[in-house]
Amino acid sequence: MFIKLLTMEKTTSRKKAKQSSSSAKTTQEMSPALHEFFIDELKDIYWAEKHLTKALPKMQKAATSEELQNAFADHLEATKNHVARLEQVFESLDEKAVAKKCEAMEGLVKEGESIIEDTEEGTATRDVGLIMAAQKVEHYEIATYGGLRQLAITMGHDEAAGILGETLNEEKEADQLLTEIAESKVNYEANNGE
Ligand code: FE
Ligand code: ZN
Ligand code: FE
């Protein structure tokens, strides 16, 4: 009887341990290393978004077609919002909003600048190049926000997950709009030598 009780107790405690490892944990139970990694990645994308607010006006100015100019202007406003949303995310985690240089975004923006240098002003070919450069940026952001949102869910940071998800959707929309501009117009104009 005594042995049986002991065995039962063991089974229950094992069950409990299994439950807590598979479901979202509270802040106290979280892995400190993963949390630190999560915060570091937030600092990286915070720098990246701020950097983009400086790059997008240059891309807008360099664009030939009005549609693309408008797309860059709209995405500048969206990007300012993304910066503000990240500040909300930091706040929800009781962390200071600190920017940490993102080498990837610096490189992607540099590529965009060299496309402007290598193409002629007022041509559709320049727009083709600008769209490709901008889509590389959007895909980097989609990967980042997608990963961060999922990590926030895993760690039980529900408020952060919701905010990151909003931005993720806007990055996807921006990417789709760029595809539409390329496929409905700009690519064909460039192919016709315009
Ligand atoms: Fe963004
Ligand atoms: Zn980065
Ligand atoms: Fe973006």
Side-chain angles (χ1 to χ4, degrees), residues 37-93 95-116 119 126-153 155 157-187:
F37 173 77
F38 177 65
I39 300 295
D40 258 24
E41 284 290 305
L42 284 172
K43 290 176 180 173
D44 180 282
I45 192 69
Y46 186 49
W47 189 96
E49 293 280 23
K50 284 181 148 192
H51 192 58
L52 265 180
T53 61
K54 290 178 241 163
L56 280 164
K58 293 179 204 165
M59 293 172 85
Q60 185 194 339
K61 223 181 129 197
T64 302
S65 79
E66 213 183 306
E67 282 100 324
L68 189 56
Q69 285 172 8
N70 290 340
F72 285 142
D74 287 351
H75 202 57
L76 173 62
E77 291 317 305
T79 301
K80 287 177 185 168
N81 216 353
H82 299 170
V83 171
R85 280 210 196 104
L86 284 168
E87 285 161 0
Q88 285 174 32
V89 169
F90 281 112
E91 213 189 305
S92 78
L93 300 164
E95 292 278 344
K96 247 172 118 183
V98 178
K100 196 171 164 185
K101 188 177 177 183
C102 173
E103 305 285 347
M105 189 57 77
E106 187 182 51
L108 289 169
V109 166
K110 271 187 191 159
E111 263 198 34
E113 282 164 0
S114 59
I115 283 168
I116 296 170
T119 53
R126 174 176 283 183
D127 279 2
V128 168
L130 284 170
I131 289 171
M132 280 194 68
Q135 286 193 294
K136 288 178 188 182
V137 168
E138 294 314 316
H139 282 235
Y140 177 79
E141 291 183 303
I142 289 166
T144 303
Y145 282 109
L148 284 174
R149 178 181 165 272
Q150 207 52 46
L151 269 180
I153 291 169
M155 294 190 289
H157 296 315
D158 298 343
E159 193 185 344
I163 300 167
L164 293 166
E166 282 174 47
T167 300
L168 174 63
N169 289 337
E170 287 179 11
E171 306 294 14
K172 286 179 182 170
E173 280 168 19
D175 181 52
Q176 277 163 12
L177 177 64
L178 289 166
T179 296
E180 277 165 31
I181 295 171
E183 291 181 1
S184 68
K185 186 181 164 204
V186 166
N187 282 5

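We count ligands from 1, going down the list as the structure has it; atoms in each ligand are counted the same way.
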Please evaluate residues Y46 and C102 with respect to the criterion side chain to side chain contact (heavy atoms under 4.5 Å, CB included), reporting the C-alpha separation (whole Å), side-chain torsions for both, the decisive distance (0.1 Å), and the verdict.
CA-CA 9 Å; Y46 186 49; C102 173; over 6 Å; no
Could you grab the protein N, O or S atoms closer than 2.8 Å to the Fe ion (ligand 1) for me?
E49 OE1, E49 OE2, H82 ND1, E141 OE2, E171 OE2
Evaluate the ring planes of H157 and F38, with Trp represented by its six-membered ring, and classify them as parallel (under 30°), tilted (30 to 60°) or perpendicular (over 60°).
parallel
Check whether the side chains of Q135 and T179 place a donor and an acceptor atom closer than 3.5 Å, and report yes or no.
yes
Only counting residues at least two apart or in another chain, list the ones meeting side chain to side chain contact (heavy atoms under 4.5 Å, CB included) with D74.
none
Tell me which donor-acceptor pairs under 3.5 Å the side chains of residues 59-67 have, and how far apart each pair is, sequence neighbours excluded?
| residue | atom | partner | partner atom | Å |
| --- | --- | --- | --- | --- |
| T64 | OG1 | T123 | N | 3.2 |
| T64 | OG1 | T123 | O | 2.8 |
| S65 | OG | L68 | N | 3.2 |
| S65 | OG | D127 | OD2 | 3.2 |
| E67 | OE1 | K185 | NZ | 2.8 |

If a pair satisfies ring-ring contact (aromatic ring centres under 6.0 Å, His included) and one of its residues is in residues 48-72, list it, with sequence neighbours excluded.
W47-H51
